[in-house]
J.: 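Questions regarding the structure given below will be posed in turn.
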Amino acid sequence: AAAAVLSAQGLSRYIAIRVVEILGQMAQRQTENTQPFAEDVEAAGALAALALVNEKLAKKQPRPVEVKPIENPTPALATERPAPAYSIGHTYSNGHSVTE
């Protein structure tokens, strides 16, 4: 009786291993069959999106840009320093004051 139990356990273990191997092979075949088409579908989708963008760009009319010369340029702007963000002796609302 013990030999029959051990042989049944061995047989069930062998069957379980084979089932896992077969399922793995089936899954691999399924991905191999669909993978080449997935790249083609992605490429077709990208081309369709580019075609839509090109169509919209072709319909868009460029607007003319008018360039006007500056009538009274002030050269002093390049040499003037910007005013500081704080002034000496200023006291903020939190009680801190600015010192040099």
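Numbers for residues simply follow the sequence, beginning at 1. Quick caveat, the model's predicted, so the values are computed rather than measured.
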J.: List in chain and number order the residues that pass side-chain hydrogen bond (donor to acceptor under 3.5 Å, both in side chains) with Arg18, two or more places apart in sequence or in another chain; answer none if no residue qualifies.
T.: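 Partners of Arg18 under the side-chain hydrogen bond (donor to acceptor under 3.5 Å, both in side chains) test: Glu21.
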
J.: To the nearest 0.5 angstrom, please state how far the CD1 atom of Ile22 sits from the CD1 atom of Ile15.
T.: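 Result: 10.5 Å between the selected atoms.
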
J.: Who are the salt bridge (Lys or Arg N to Asp or Glu O under 4.0 Å) partners of Glu66, not counting sequence neighbours?
T.: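 For Glu66, no residue satisfies salt bridge (Lys or Arg N to Asp or Glu O under 4.0 Å) once neighbours in sequence are set aside.
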
J.: Taking salt bridge (Lys or Arg N to Asp or Glu O under 4.0 Å) as the definition, give me every residue that meets it alongside Lys60, ordered by chain and number, with sequence neighbours left out.
T.: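 Applying salt bridge (Lys or Arg N to Asp or Glu O under 4.0 Å) to Lys60 gives none.
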
J.: Partners of Val53 by side chain to side chain contact (heavy atoms under 4.5 Å, CB included), sequence neighbours excluded?
T.: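 By the side chain to side chain contact (heavy atoms under 4.5 Å, CB included) rule, Val53 matches Leu57.
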
J.: Given a cutoff of under 4.5 Å between side-chain heavy atoms of I, L, V, M, F, W and Y, with clusters grown through shared members, what are the other residues clustered with Val67?
T.: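 Cluster partners of Val67: none, it stands alone.
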
J.: With Gln9, which residues qualify under side chain to side chain contact (heavy atoms under 4.5 Å, CB included), at least two apart?
T.: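 Val5, Leu6.
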
